[in-house]
Amino acid sequence: MKTAIIAEKPSVAREIAAIVGASSKEDGFMYGNGYMVTYAFGHLVQLALPEDYGFAGFVRENLPIIPETFVLKPRQIREGKEYKPDIGALKQLKVIKHVFDSCDKIIVATDAGREGELIFRYIYNHLNCKKPFERLWISSLTDKAIKDGLQNLKDGNEYDKLYFAAKARSEADWLVGINASQALSIAAGSGVFSLGRVQTPTLAMICRRFLENKNFTPVAFWQIRVQTEKAGIPFAVISREKYDRKDTANAVFQKLQGNSLQVQSVEKKEVNQEPPLLYDLTTLQKEANSKRGFSADKTLSIAQKLYEAKLISYPRTGSRYISADVFDEMPDLIHSLKEHSRFGVYTQSLEDAALNVRCVDDKKVTDHHALLITENMPKELSADEQTIYEMVAGRMLEAFSKKCVKNATTIVCICADTLFEVKGAVIKQAGWRAVFGEKEETAEDETGSLPEVGKGDSLPIIQSEILEKQTKPKPLHSEASLLAAMESAGKEVENEAECEAMKESGIGTPATRAAIIETLFSRNYIVREKKSLVPTEKGLSVYETVKDKRIADVALTGSWENTLAQIERGEMQPITFKKTIEIYTEQITAELLNTKTEIADSNACICPKCKIAKVRIYPKVAKCSDQNCGLVAFRTVSEKELSDKQILELLTKGKTAVINGFKSKAGKVFSAILKFDENYKVVFDFPEKTNTFRKKQ
């Protein structure tokens with residue numbers, strides 16, 4: 001009996017092949033010891049395009065396009081005006097069919113999550129395969145995890161509901177994206193504008209915050225600050241009241257002169273701060289952005305590399321908890337850090353300590369537990385990889401450490417019928433805060449140690465001043481704050497427990513949010529200004545057009561994520577969601593077709609070939625508006641999706657700067673410049689590999 005194993009990537013397939021003894025190699029698969037191990041390259045099979053249902057071009061009368069039954073097609077790429085099958089995808093699908101046909105059963109080893117399940121099922125269904133299959137469901141790629149997983153395979157049908165949710169999400173995104181984009185483009189009259197089920201509400205959140213910030217009118221207010229001291233220890237108190245008139249503040253200020261402060265009350269209490277929960281992907285992305293400036297996409301990419309290097313558990317998790325059986329492994333995992341240069345000393349303090357169990361809850365673990373390191377210690381990591389690894393390792397130590405205990409003091413004084421206040425805190429037990437250092441983690445509103453004072457004490461006024469302040473707008477969204485807003489469907493929630501409760505109503509998923517943000521960049525809807533996300537003229541134009549439409553409704557989109565989770569749990573039938581989405585698609589299509597708008601087409605530029613007509617940039621291609629000219633540049637080149645900025649650079653300068661992330665047919669990543677040749681075809685230009693160039697890599 002032969003067994004086929006299909007992984008999501010070649011690298012994972014090689015790891016599994018080594019474990020099962022499939023040591024012989026053929027083009028596209030490995031075999032031996034009764035196994036044939038093959039792989040996909042992500043989504044080899046996708047939903048067919050409108051052309052495959054007989055709907056070519058953007059025609060008002062065709063909308064909405066709602067296929068009775070969705071058709072699966074091999075991955076396609078665009079050439080000229082047509083989409084053609086991706087030769088690499090066709091080749092690998094042929095290999096997979098050969099492997100499946102040659103075996104008696106299949107082990108599914110694609111990523112253990114919604115998208116991984118969809119990748120396999122689309123391939124399986126497209127090939128009309130009927131072989132029985134089992135699921136390898138693991139949370140890390142260590143040899144031990146893979147071996148244990150192979151000994152505990154699950155019947156593939158146990159994951160049918162996961163597939164139904166993934167399929168429902170895929171079809172919903174097709175319906176909304178295709179119809180909304182075509183409807184808006186038709187209404188605009190020129191150009192092609194991309195809308196999406198999650199993409200557009202996300203753009204709306206960015207634009208709404210930008211306009212609130214831009215249109216905010218600051219209001220001045222005043223407070224009084226008094227410098228005093230006790231037993232030679234200086235400290236300052238601030239007036240509780242905020243005065244909306246300067247002359248009022250000045251009148252109080254004058255009354256203070258020649259007087260002293262009387263201590264009205266001294267409140268002391270012990271404050272316990274529980275350690276933070278473990279990371280899920282979104283929390284890791286938020287903190288990597290706010291503390292290190294990493295984009296969400298960069299953090300995910302690094303975490304995925306660490307996962308494939310067997311150093312951390314599965315990164316695309318939405319849970320911040322672990323189960324009781326995983327908790328049993330924690331002492332060994334913590335012990336594995338005893339030689340770590342940064343955490344070794346702290347790890348020793350946990351060796352014989354009772355571990356905190358706050359993040360241990362079987363009921364709150366979703367498909368995968370929270371992010372953890374594995375028993376494998378890193379050897380050679382890049383600086384960025386080291387940063388993410390240490391964030392995950394450090395958070396694991398924090399989560400299982402003792403609580404931080406502070407002695408908090410609040411002193412209230414009175415002078416001239418005005419109350420003044422100061423708060424201070426001293427750490428009594430550092431607990432989890434000692435992992436990264438107390439000073440680094442001290443809260444901003446804590447002034448540190450205060451002198452011993454008692455009720456009724458008289459304190460001298462050494463100096464006083466009027467502070468002029470202004471109300472401030474909410475800051476522009478950063479990727480960290482946007483991820484938080486996506487997680488809570490736009491509601492501002494800071495409480496950790498409330499955030500957890502709202503996760504199922506967020507928009508997007510931990511696995512997709514980074515890609516959604518990157519899509520907004522590639523569509524030239526937003527740009528980065530330092531850490532802030534700022535909408536472009538094009539992005540604002542789209543927002544102004546759709547802001548009052550259903551397509552931009554964040555709460556509605558969030559409710560759908562909850563519905564998809566219900567499908568995954570078997571609490572709702574997929575057909576119910578499908579009917580809801582079809583009705584919604586009809587509504588938004590009608591809304592958008594009846595919209596009168598002129599969307600800023602900031603991307604149009606003079607064609608470098610004919611030098612007369614304009615080139616317009618579309619979601620998949622840039623082409624000259626004069627059909628006789630024929631200039632065309634595809635957005636996706638060797639699996640790298642170009643941004644509008646990169647395409648504009650090619651069109652206006654004739655070539656781009658060095659672009660990273662192209663992939664050869666063999667799957668090797670490379671960097672190159674894109675330029676036009678003498679016939680205005682886009683070709684690669686490889687710069688000389690100087691030391692400077694290598695350093696940029």
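Numbers here simply count residues along the sequence, with the first being 1. The analysis underlying the following values was restricted to heavy atoms, covering all of them including side chains, and did not include hydrogens, waters or symmetry mates.
Between the Thr347 side chain and the Phe343 main chain, a donor and an acceptor come within less than 3.5 Å of each other. Remark: the backbone N or O of Lys298 is not paired with any side-chain donor or acceptor of Ser301 at under 3.5 angstrom. Although no hydrogens or angles enter the test, the distance criterion places a donor-acceptor pair under 3.5 Å between the side chain of Ser319 and the main chain of Lys364. Within the 3.5 Å criterion, the main-chain N or O of Val198 finds a donor-acceptor partner in the side chain of Thr202. The backbone N or O of Gly116 lies less than 3.5 Å from a partner atom in the side chain of Thr110, making a donor-acceptor pair. Using modelled atom types, no side-chain atom of Arg433 and backbone atom of Cys404 make a donor-acceptor pair closer than 3.5 Å. Of the possible polar contacts, none joining the Glu479 side chain to the Ser295 backbone as a donor-acceptor pair under 3.5 Å is found.
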(message) Assess the residue pair Ser664 and Phe670 against the criterion (side chain to side chain contact (heavy atoms under 4.5 Å, CB included)); give the C-alpha distance rounded to whole Å, side-chain angles, the decisive distance to 0.1 Å, and a yes or no.
(response) CA-CA 7 Å; Ser664 68; Phe670 66 94; 4.2 Å; yes

(request) Quick one: do Ile107 and Leu150 satisfy side chain to side chain contact (heavy atoms under 4.5 Å, CB included)? Show the steps, please. (result) CA-CA 9 Å; Ile107 294 175; Leu150 290 169; 4.2 Å; yes

(request) Might you work through the side chain to side chain donor-acceptor pair (under 3.5 Å) test for Gln92 and Thr38, ending with a clear yes or no? (result) CA-CA 9 Å; Gln92 190 60 19; Thr38 187; 3.2 Å; yes

(request) Might you work through the side chain to side chain contact (heavy atoms under 4.5 Å, CB included) test for Asp332 and Glu375, ending with a clear yes or no? (result) CA-CA 8 Å; Asp332 289 338; Glu375 65 269 23; over 6 Å; no

(request) Decide side chain to side chain contact (heavy atoms under 4.5 Å, CB included) for Ile334 and Leu355; before the verdict, give the C-alpha distance in whole Å, the side-chain angles of both, and the deciding distance to 0.1 Å. (result) CA-CA 10 Å; Ile334 292 170; Leu355 299 182; 3.9 Å; yes

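Glu117 has no carboxylate O lying under 4.0 Å from a charged side-chain N of Arg114, or vice versa, which leaves the two without a salt bridge. Taking the charged nitrogens against the carboxylate oxygens, Lys144 and Asp148 do have a contact shorter than 4.0 Å, which makes a salt bridge. For Glu518 and Arg528, the salt-bridge test passes: some basic side-chain N is under 4.0 Å from an acidic carboxylate O. A salt bridge is absent between Lys338 and Glu351; no separation between the charged side-chain nitrogens and carboxylate oxygens falls under 4.0 Å. Salt-bridge annotation for Arg292 and Asp384: absent, with no side-chain N of the basic residue lying under 4.0 Å from a carboxylate O of the acidic one. Checked for salt-bridge contact, Arg135 and Glu158 miss the test: no charged N lies under 4.0 Å from a carboxylate O.
Between Tyr124 and Ile106, some side-chain heavy-atom pair lies under the 4.5 Å cut-off. Here the side chains of Phe133 and Leu153 are not in contact, with every heavy-atom distance at 4.5 Å or above. Using a 4.5 Å cut-off on side-chain heavy atoms (C-beta onward), Asp362 and Ser323 make contact. Within the 4.5 Å cutoff, no side-chain heavy atoms of Arg316 are placed close to those of His368. For the pair Leu47/Leu72, a side-chain contact is recorded, criterion being any heavy-atom separation below 4.5 Å from C-beta on. At a threshold of 4.5 Å between non-hydrogen side-chain atoms, the residues Arg342 and Phe436 count as touching. Between Lys167 and Arg121 there is no side-chain heavy-atom pair separated by less than 4.5 Å. Taking the side chain as every heavy atom from C-beta outward, Asp111 and Ile119 never approach each other to under 4.5 Å.
Around atom NZ of Lys531, more than 12 heavy atoms belonging to other residues, nucleotides or ligands sit under 6.0 Å away. Within a 6.0 Å radius of NZ in Lys310, more than 12 heavy atoms belonging to other residues, nucleotides or ligands are found. Within a 6.0 Å sphere centred on NZ of Lys131, other residues, nucleotides and ligands contribute more than 12 heavy atoms. The number of heavy-atom neighbours closer than 6.0 Å to NZ of Lys161, taken from other residues, nucleotides and ligands shown, is 12 or below. Shown here is Asp325, whose CG atom has more than 12 heavy atoms of other residues, nucleotides or ligands within 6.0 Å.
In this structure, Ser140 and Thr374 approach most closely via the heavy-atom pair CB-CG2, 4.0 Å. Across all non-hydrogen atoms, the minimal contact from Pro10 to Phe41 is CG-CE2, 3.5 Å. Taking every heavy atom of both residues into account, Phe70 and Glu171 meet most closely at CD1-CD, 3.4 Å. Closest of all the heavy-atom pairs between Ser349 and Ala353 is O-CB, 3.8 Å. A pairwise comparison of heavy atoms in Met391 and Ala288 identifies CE-N, 3.7 Å as the closest pair. Of all heavy-atom pairs between Leu278 and Ala399, the closest is CD2-CB, 3.7 Å.
To the nearest 0.5 Å, atoms CD1 (Ile373) and CG (Leu333) are separated by 5.5 Å. A distance of 9.0 Å separates CG of Leu520 from CG of Leu533, quoted to the nearest 0.5 Å. Separation of atoms OG1 (Thr557) and CG (Asn562) is listed at 13.0 Å; rounding is to 0.5 Å. For the atom pair Asp297 CG and Asn289 CG, the distance stands at 12.0 Å (nearest 0.5 Å). Interatomic distance, OH of Tyr279 versus CZ of Arg320, reported as 8.5 Å (0.5 Å rounding). Remark: Lys402 NZ to Leu350 CG distance equals 9.0 Å, nearest 0.5 Å.
If you check the side chains of Tyr31 and Ser102, you find no donor sitting under 3.5 Å from an acceptor. A donor-acceptor pair shorter than 3.5 Å can be found between the side chains of Thr283 and Asp280. Counting only N and O atoms by type, the side chains of Ser671 and Asn660 include a donor and acceptor under 3.5 Å apart. A donor-acceptor contact closer than 3.5 angstrom is absent between the side chains of Ser170 and Gln46. In summary, the side chains of Arg513 and Gln285 do not present any donor paired with an acceptor at a separation below 3.5 Å, with no hydrogens or angles considered.
The only member of Lys663, Lys91, Arg75 that meets salt bridge (Lys or Arg N to Asp or Glu O under 4.0 Å) when paired with Asp86 is Arg75. Just one of Glu115, Glu561, Glu568 meets the salt bridge (Lys or Arg N to Asp or Glu O under 4.0 Å) condition when paired with Arg169; it is Glu115.
Between Tyr314 and Tyr307, the ring planes are perpendicular. Angles over 60° get that label, and only those under 30° would be called parallel. By the 30° and 60° cut-offs, the orientation of the rings of Phe577 relative to Trp560 is perpendicular.
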